[in-house]
2 protein chains.
Amino acid sequence: MAQALRHDAMRAGNLAVVLGALDRDGPLTRAALAEATGLTKTTVSKLVADLIDAGMAVESGAVRDGERGRPGVAVHLSGHRVAALGLEINVDYLAGCVVDLSRTARLFRTQAVDNRAASPEDVIAGLRDLAISMLADAAGHGLSVAGGIVALPGPVDRSTGTVHSAPNLGWRDVPVADALALPLPVLVDNEANLAALGELWFGSGAALGDFLHVSGEIGIGAGLVVDGALFRGAHGYAGELGHVVVSPDGPACRCGGTGCLERYAGQDALLPAGEDLAGLVARLRAGDPSAVAACERAGSALGIALTTAVNLLDPDTIVLGGIFAPLFPWVSGPAEATMHRRLGQIRARVPALVVSQVGADAAPLGGAGQVIQRIIADPGAHLLAPQP
Amino acid sequence: MAQALRHDAMRAGNLAVVLGALDRDGPLTRAALAEATGLTKTTVSKLVADLIDAGMAVESGAVRDGERGRPGVAVHLSGHRVAALGLEINVDYLAGCVVDLSRTARLFRTQAVDNRAASPEDVIAGLRDLAISMLADAAGHGLSVAGGIVALPGPVDRSTGTVHSAPNLGWRDVPVADALALPLPVLVDNEANLAALGELWFGSGAALGDFLHVSGEIGIGAGLVVDGALFRGAHGYAGELGHVVVSPDGPACRCGGTGCLERYAGQDALLPAGEDLAGLVARLRAGDPSAVAACERAGSALGIALTTAVNLLDPDTIVLGGIFAPLFPWVSGPAEATMHRRLGQIRARVPALVVSQVGADAAPLGGAGQVIQRIIADPGAHLLAPQP
DNA sequence: CGAATTAGTCTATGTTGTGGACTAAATATC
DNA sequence: GATATTTAGTCCACAACATAGACTAATTCG
């Protein structure tokens, strides 16, 4: 239910309105902020002063726009103080990044390890070491890290910070957030969801409108971004594109069904035993007919599943990430052809397929960005004591 | 973007908080309201006084709850003043209803006509007559109708009040809201969307959690309700369940694709030429094997499509409405079996299939309820001058 | 019947945003 | 180059709203 509004909520809300305007529309003078938000110049000045005290905004020089009249002082988001930590546990690596309030990635770290061979405790201890050292680095840069999110390859319970099952890691019900025991609030989320947010803030972003981000890995997940926020469904398990039915009489899937998308376009279906992704791409570049045919099959199946997704979710754009990013030139054509054949008559516009602009770090970047997003949406709760 | 909060917005917001609490939690005393909302008794008293002046709330008698201390005065939503109009244009009938603020249906009217034979202008003129006479009736009951919504069997542009295409009526780009020219604000929406909202407010309602409401008519639409609001997608065309791919090599569909759900479970697929729904139900009751087999085929196909919908949308419950309501006993079993087979291993809980509790009036009821919802969410904008 | 308890109102007060006067700093005009 | 004009930002008196706590009202308990 909507919360009761008291004076402090009004102030917190207006602080968020101003910070949000700075985030969206770049550097703005106080006068421009007043015009954009509908608040008076007086109020904006007071709010901006608070944001500057908290280290969330800074003044840059005067704006000489050639107009006559006194020039304004541009104010923009400050990346000097507030930051967030994004972490990822995946099958063969750990990764982390620190992103500042202006959504600039400040630190990166990746560590190749075989997490299938190790126990969850050891993996989490390794991630903890990586996180602690990044926090120290961040502190060295004067950054105060307000929170973190761990990206995990499987369905999670966000309220308890637990990963329910991560089949590719062999994990079940691991309380990742608690076990990490970092000295800051830590959340968990699904890798596919966070990768979608990574694309929003560190990739093609707002130009995509509402988009569906497809993460091709061993499984196939998808994250739908609507109005700048994830659509999660009732229990947080929306976007399971991998088990959308492509052909009800198709081959059996590990989920118990038959003919799921994963059996046609998942990593195991695309890569012959023993070959890795780089090998497949090399064969595709060389024009190997069997590799091209495999991608065509996968692309057509993907087109069927995406047709269904468009009918149900109605996105503006569809972004292909994960293994589909390097395979995009060979997969997107057949998928797009299928979609146009099936949707062309009933939709005014068939969503375009585009390739992800973020690399392997999409998930931790999206996680850190999500924390930043929360801070911008409620700066009042994160007003730090002004530093000397 | 979030709006700037000024004093009037704070007041309007708190008015909505109080009215919303009354809507959800039935009659409450001012003291209970203060506790529930977190506002002080003073503030609640002032807000309640405004709501009573506006005719949106009334005091009922004192509450004698057996506790000691002064008994409170119960306050509840008043249905005496504010109301909303729900209208529907469909292939063979026009319908309208008036719903009051407490979401009680006060007036109903249905008119059987063959709208395929008539021009859009004539159909709209007929609906206008029906609406005007209902408004007069409502005024006779002392009701002030704040707005209306027209349910239409096809995709609409809600911002312009236009229906893009209604294939079953043979309409294209008809500006329904403007053409109606009623003396109150009129919106348009898709029939399937409004039927889902009808189920929310006039059927099983909140007990369903987040649910997908399937409207089986000639086409098959679906509306997803998340957190008490419709999920519409980027352009408002989400929920096109009818063209979800059930079998990519299936029979050709009028949409240009093949093997869409509509070809297996739409009205035209279920009813042999010349038979109507009542006839099919009679044969099913009599145990006619070919009728039962047809429902089993339809149910299995529906199960495939719903499996996909669950994977992508993750609802708590699935409600079957339209023609699937009378066919529920014969269709739901095969659908549920298919869903369990395909989802049982990867979901902790497979959404239950339930039958719609609202009859044919679901769409106009949902439309009127939507208007009421908007009033409750922003009573400040609808504060009428106090009446003598 | 008086004490205890709870509901609701009343009054003084505090927080927040507003509106307009005011100062500051630039360009345009003569 | 002096003055008018324009725009940015601050200051101050004021208005809107919610709050806290005193107060009155109406009930049950002993």
Side-chain angles (χ1 to χ4, degrees), chain A residues 2-19 21-22 27-53 57-76 379-380 383, chain B residues 2-19 21-22 27-53 57-76 379-380 383:
Chain A
Q3 267 303 303
L5 292 163
R6 293 131 60 132
H7 286 114
D8 53 348
M10 180 161 75
R11 178 145 196 99
N14 283 335
L15 224 37
V17 166
V18 169
L19 199 58
L22 287 177
L28 290 168
T29 66
R30 286 168 240 259
L33 273 170
E35 171 127 22
T37 60
L39 295 164
T40 61
K41 288 188 292 177
T42 310
T43 305
V44 167
S45 283
K46 279 191 284 193
L47 293 167
V48 166
D50 281 4
L51 291 173
I52 289 176
D53 280 353
V58 281
E59 294 187 336
S60 29
V63 184
R64 310 288 281 275
D65 52 2
E67 301 277 310
R68 70 173 160 181
R70 171 177 166 179
V73 177
V75 177
H76 60 86
L383 286 185
Chain B
Q3 266 304 300
L5 292 163
R6 294 130 62 130
H7 287 117
D8 53 347
M10 181 161 72
R11 177 147 197 102
N14 283 335
L15 223 38
V17 165
V18 169
L19 199 59
L22 288 177
L28 290 168
T29 65
R30 285 169 241 259
L33 273 170
E35 172 126 22
T37 60
L39 296 164
T40 60
K41 288 188 292 177
T42 311
T43 305
V44 168
S45 284
K46 279 190 286 191
L47 294 168
V48 167
D50 281 3
L51 291 174
I52 289 177
D53 280 352
V58 280
E59 294 188 336
S60 29
V63 183
R64 310 287 281 274
D65 53 2
E67 300 277 310
R68 69 173 160 182
R70 171 178 168 178
V73 178
V75 177
H76 59 86
L383 286 185

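Chain letters run A, B, ... following the sequence lines, proteins first, then strands; residues in each count from 1. Since we're looking at a predicted model, the values are computed, not measured.
At the phosphate of dA16(D), neither OP1 nor OP2 sits under 4.0 Å from any side-chain N or O atom of Arg11(B). Side-chain nitrogen and oxygen atoms of Thr40(B) include at least one within less than 4.0 Å of the OP1 or OP2 phosphate oxygen of dT19(D). Using a 4.0 Å cut-off, some side-chain N or O of Asn14(A) falls inside it from OP1 or OP2 of dG17(C). Put simply, Ser45(B) has no side-chain N or O that comes within less than 4.0 Å of OP1 or OP2 on dG8(C).
Heavy atoms only, all atoms of each residue included: Ser60(A) and Val73(A) are closest at O-CG1, 3.4 Å. Considering all non-hydrogen atoms of both residues, Leu5(B) and Ala9(A) come closest at CD1-O, 4.0 Å.
In this structure, the side chain of Arg6(B) engages the main chain of Gly38(A) through a donor-acceptor pair within 3.5 Å. Under a 3.5 Å cut-off, the side chain of Asn14(B) and the backbone N or O of Ala4(A) do not form any donor-acceptor pair.
Applying the side chain to side chain donor-acceptor pair (under 3.5 Å) criterion to Thr40(B), with sequence neighbours excluded, gives Thr43(B). Every side chain to side chain donor-acceptor pair (under 3.5 Å) that Arg11(B) has, sequence neighbours left out, goes to Asp50(B).
Rounded to whole Å, atom P of dT15(C) lies 16 Å from atom CG of Leu47(A). Distance, Glu35(B) CD to dA7(C) C1': 13 Å, rounded to whole Å. Rounded to an integer number of Å, the gap from Lys46(A) NZ to dT16(C) P is 8 Å. As rounded to whole Å, 11 Å separates atom C1' of dT19(D) from atom CG of Asp8(A). When rounded to the nearest whole Å, the span between CZ of Arg6(B) and C1' of dA16(D) equals 12 Å. As rounded to whole Å, 9 Å separates atom P of dT9(C) from atom CD1 of Ile52(B). Summarising the geometry, the separation between CG on Leu5(B) and P on dC17(D) is reported as 13 Å, rounded to the nearest angstrom. For the pair Leu28(B) CG and dG8(C) C1', the computed distance is 15 Å after rounding to whole Å.
With respect to Leu28(B), the side-chain contact (heavy atoms from CB on, under 4.5 Å) criterion is satisfied by exactly one of Val48(B), Leu33(B), Thr37(B): Leu33(B).
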* Just do the side chain to side chain contact (heavy atoms under 4.5 Å, CB included) check on Val18(B) and Leu39(B) with the steps written out, would you? => CA-CA 9 Å; Val18(B) 169; Leu39(B) 296 164; 4.3 Å; yes
Next on the checklist: What verdict does the side chain to side chain contact (heavy atoms under 4.5 Å, CB included) test give for Val75(A) and Leu51(A), after you've listed the backbone C-alpha separation in whole Å, the side-chain angles of each residue and the deciding distance to 0.1 Å?
Outcome noted: CA-CA 10 Å; Val75(A) 177; Leu51(A) 291 173; over 6 Å; no
Intermediate values then yes/no, side chain to side chain contact (heavy atoms under 4.5 Å, CB included), His76(B) and Val58(B): CA-CA 6 Å; His76(B) 59 86; Val58(B) 280; 3.3 Å; yes
Write down the protein N/O and nucleotide N/O pairs, taken from nucleotides 1-3 of chain D, whose separation is under 3.5 Å; answer none if there are no such pairs.
none

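Across all strands, Val44(B) comes closer than 4.0 Å to no nucleic acid atom at all (heavy-atom distances). Heavy atoms of Thr29(B) sit under 4.0 angstrom from primed sugar atoms or phosphate atoms, though from no base atom.
Scanning atom types as modelled, one donor and one acceptor separated by under 3.5 angstrom connect the side chain of His7(A) and the base of dT15(C).
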Scoring nucleotides 20-30 of chain C by protein non-hydrogen atoms under 4.0 Å (B base, S sugar-phosphate only, - none) yields B---BBBBS--
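For the helix from dC1(C)-dG30(D) to dC30(C)-dG1(D), the angle separating the two terminal helix axes comes to 0°, with each axis derived from five pairs and the value rounded to 10°.
The CD1 atom of Ile52(B) sits 11.0 Å away from atom CG of Leu47(B), with the distance rounded to the nearest 0.5 Å.
Screening residues 31-42 of chain A for salt bridge (Lys or Arg N to Asp or Glu O under 4.0 Å), with sequence neighbours left out, gives no hits.
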